[in-house]
Asker: 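Following this message is one structure expressed as structure tokens.
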Amino acid sequence: MHAASISENFARIKAQLPPHVTLIAVSKTKPVEVIQEAYATGHRIFGENRVQELVPKYEALPKDIAWHLIGHLQSNKVKYIAPFVAMIHSVDSFKLAEEINKQAVKNNRTIDVLLQIFIAQEETKFGLSPDELIELLQSPEFQQLKHIRVRGLMGMATNTDNTEQVSAEFRQLKKLADEVKAQFNLPHFDTVSMGMSGDFPLAVEAGSTMVRVGSLLFGGR
């Protein structure tokens, strides 16, 4: 894609988002040059799925980029991104949260995280059930993790053309986030990350505060 079309895409998508919704530009599989074109539009928040792709991009690109790790994360990979990652979207177990906390301590940081909730009617997606989420937040061991900051919840809707189902899944996640906010003392809990290229308008309508958009910004893979 030429530079103008990337900048046009960014302008078009941003025009569709209310001011309170953060746009994560999903740059997975995109080369550094393409991310630089997006950076030149003034955008500074990018999302990557894989640690092994994220680290070299972090090293090659300007340091004022806020990198979000949005894909499934294995505990043994946390150490590679702990020095710089702005937010980890995919925390789906105590073990992973504990490792992020441990690596944050080593790097003298507090790392923002989202707890990933399973809302889809698909077995391929990761995430905690609502009951597991409440159990995790109530556990004294989790409450001792002082170097992670729980910023909110993340979820992915079912990949279907049934917009009513997708909207219902998004509303379910928003309702769960509201319940958590009311029940737990989480002073930084302000984020509901849901919505991707195919369904972000539905997510915004349901109360999303953060959308993860790739193909509409960068074109297909």
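If you're wondering where the values come from, they're calculated on a predicted model, not measured in any experiment.
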Asker: Taking only residues two or more places apart in sequence, or in another chain, which ones meet E98 in a salt bridge (Lys or Arg N to Asp or Glu O under 4.0 Å)?
Answerer: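 Salt bridge (Lys or Arg N to Asp or Glu O under 4.0 Å) list for E98, sorted by chain: empty.
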Asker: Answer yes or no: is there a donor N or O on one side and an acceptor on the other, between the side chain of K174 and the main chain of V192, under 3.5 Å?
Answerer: no
Asker: Which residue pairs pass the salt bridge (charged side-chain N to carboxylate O under 4.0 Å, His left out) test when at least one of the two sits in residues 61-81, sequence neighbours left out?
Answerer: R44-D64
Asker: Locate the shortest heavy-atom distance separating S75 from L96; write the atom from each residue and the value.
Answerer: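 Where S75 meets L96 most closely, the heavy atoms are OG-CA, 3.9 Å.
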Asker: Who pairs with H43 by ring pair (Phe, Tyr, Trp, His ring centres under 6.0 Å), at least two apart in sequence or on another chain?
Answerer: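 In terms of ring pair (Phe, Tyr, Trp, His ring centres under 6.0 Å), with neighbours along the sequence ignored, H43 is linked to F10, F46.
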Asker: OH of Y80 to CD of Q52: how many Å apart, nearest 0.5 Å?
Answerer: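 Rounded to the nearest 0.5 Å, the OH-CD separation comes to 10.0 Å.
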Asker: Do any N or O atoms from the side chain of S27 and from the backbone of K30 form a donor-acceptor pair under 3.5 angstrom?
Answerer: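 Checking the backbone N and O of K30 against the side chain of S27, no donor-acceptor pair under 3.5 Å is found.
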Asker: Any idea which heavy atoms bring F200 and Q16 closest together, and the distance?
Answerer: CZ-OE1, 3.5 Å
Asker: Looking at CD of Q172 and CD1 of I117, how far apart are the two atoms once the value is rounded to the nearest 0.5 Å?
Answerer: 9.5 Å
Asker: Which residues satisfy the side chain to side chain donor-acceptor pair (under 3.5 Å) test with K175, sequence neighbours excluded?
Answerer: E179
Asker: Where do A157 and V166 come nearest, in terms of heavy atoms and distance?
Answerer: CB-CG1, 3.8 Å
Asker: My understanding is that only residues two or more places apart in sequence, or in another chain, count here; which of them pass side chain to side chain contact (heavy atoms under 4.5 Å, CB included) with P18?
Answerer: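 Testing P18 for side chain to side chain contact (heavy atoms under 4.5 Å, CB included), a comparison that skips the adjacent residues, returns H20, V21, V204.
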Asker: Is there a chain of hydrophobic side chains (I, L, V, M, F, W, Y, each step under 4.5 Å between heavy atoms) that links I88 to V105?
Answerer: no
Asker: Okay, side chain of H68, backbone of A86: is any donor-acceptor separation there less than 3.5 Å?
Answerer: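 No, the answer is negative, given that no donor and acceptor are paired below the 3.5 Å cut-off.
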Asker: Just by distance, do the side chain of Q143 and the backbone of L137 share a donor-acceptor pair under 3.5 Å?
Answerer: yes
Asker: Measuring from atom OG of S197 to atom CG of L217, what distance do you get when rounded to the nearest 0.5 angstrom?
Answerer: 6.5 Å
Asker: Taking salt bridge (Lys or Arg N to Asp or Glu O under 4.0 Å) as the test, write out the residues that go with R149, two or more places apart.
Answerer: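 Here the qualifying residues are D112.
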Asker: Got V180 and V150 here, is their nearest side-chain heavy-atom distance under 4.5 Å?
Answerer: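 SC-SC contact between V180 and V150 ruled out.
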Asker: Which residue pairs pass the salt bridge (charged side-chain N to carboxylate O under 4.0 Å, His left out) test when at least one of the two sits in residues 186-203, sequence neighbours left out?
Answerer: R151-D190
Asker: Kindly compute the distance separating CG (N49) from CG (L69), expressed to the nearest 0.5 Å.
Answerer: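 Result: 8.0 Å between the selected atoms.
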Asker: Going by the rule salt bridge (Lys or Arg N to Asp or Glu O under 4.0 Å), which residues pair with E169 if we only count those two or more places apart in sequence or in a different chain?
Answerer: none
Asker: List for me each residue that meets ring pair (Phe, Tyr, Trp, His ring centres under 6.0 Å) alongside H188, sequence neighbours excluded, and say none if there are none.
Answerer: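 In terms of ring pair (Phe, Tyr, Trp, His ring centres under 6.0 Å), with neighbours along the sequence ignored, H188 is linked to no residue.
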Asker: For K95 and D92, indicate whether the former's side chain and the latter's backbone hold a donor-acceptor pair under 3.5 Å.
Answerer: no
Asker: What pair of heavy atoms forms the shortest contact from M194 to A203, and how long is it?
Answerer: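 Where M194 meets A203 most closely, the heavy atoms are O-CB, 3.2 Å.
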Asker: Is any side-chain heavy atom of V34 closer than 4.5 Å to a side-chain heavy atom of P31?
Answerer: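 In contact.
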Asker: For R12, which residues count as a side chain to side chain donor-acceptor pair (under 3.5 Å) partner, sequence neighbours excluded?
Answerer: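 R12 satisfies side chain to side chain donor-acceptor pair (under 3.5 Å) with N9 once adjacent residues are dropped.
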Asker: Do the side chain of S90 and the main chain of G71 share a donor and acceptor less than 3.5 angstrom apart?
Answerer: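 Indeed, once roles are kept as given, a pair shorter than 3.5 Å links the two residues.
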Asker: So L61 and V32, do their side chains get closer than 4.5 Å, heavy atoms only?
Answerer: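 Heavy-atom side-chain distance check passes, below 4.5 Å.
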Asker: Which pair of heavy atoms, one from G155 and one from L173, lies closest together, and at what distance?
Answerer: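 Closest heavy-atom pair between G155 and L173: N-CD2, 3.5 Å.
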Asker: Main chain of T160, side chain of T158: is a donor-acceptor contact present, judged purely on distance under 3.5 Å?
Answerer: no
Asker: For the residue pair N107 and A82, what are the closest heavy atoms and their distance?
Answerer: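 Heavy atoms of N107 and A82 come nearest at ND2-CB, 3.6 Å.
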Asker: What is the distance from atom CG of L114 to atom CZ of F189, rounded to the nearest 0.5 Å?
Answerer: 8.5 Å
Asker: Do S167 side-chain atoms and L202 backbone N/O form a donor-acceptor pair below 3.5 Å?
Answerer: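 Such a contact is absent between S167 side chain and L202 backbone.
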Asker: At what distance, to the nearest 0.5 angstrom, does CD1 of I134 lie from CG of L176?
Answerer: 6.0 Å
Asker: Strictly by side chain to side chain donor-acceptor pair (under 3.5 Å), give each pair with a member in residues 203-212 just once, sequence neighbours left out.
Answerer: S193-R212
Asker: Do F142 and I148 come close enough that some side-chain heavy atom pair is under 4.5 Å?
Answerer: yes
Asker: Any heavy-atom pair between the side chains of V55 and V51 that's under 4.5 Å?
Answerer: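 Yes, their side chains come closer than 4.5 Å.
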Asker: Is there side-chain contact between Y58 and E48, with heavy atoms separated by less than 4.5 Å?
Answerer: no
Asker: Check whether more than 12 heavy atoms from other residues, nucleotides or ligands sit under 6.0 Å from atom CG of D161, and answer yes or no.
Answerer: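 Check fails, neighbour count at 12 or below.
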Asker: With heavy-atom distances below 4.5 Å as the criterion, would you say the side chains of F218 and T29 are in contact?
Answerer: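 No - every pair of side-chain heavy atoms lies 4.5 Å or more apart.
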Asker: Can you sort out the partners of E53 under salt bridge (Lys or Arg N to Asp or Glu O under 4.0 Å), two or more places apart, ordered by chain and number?
Answerer: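 Listed in chain order: K57.
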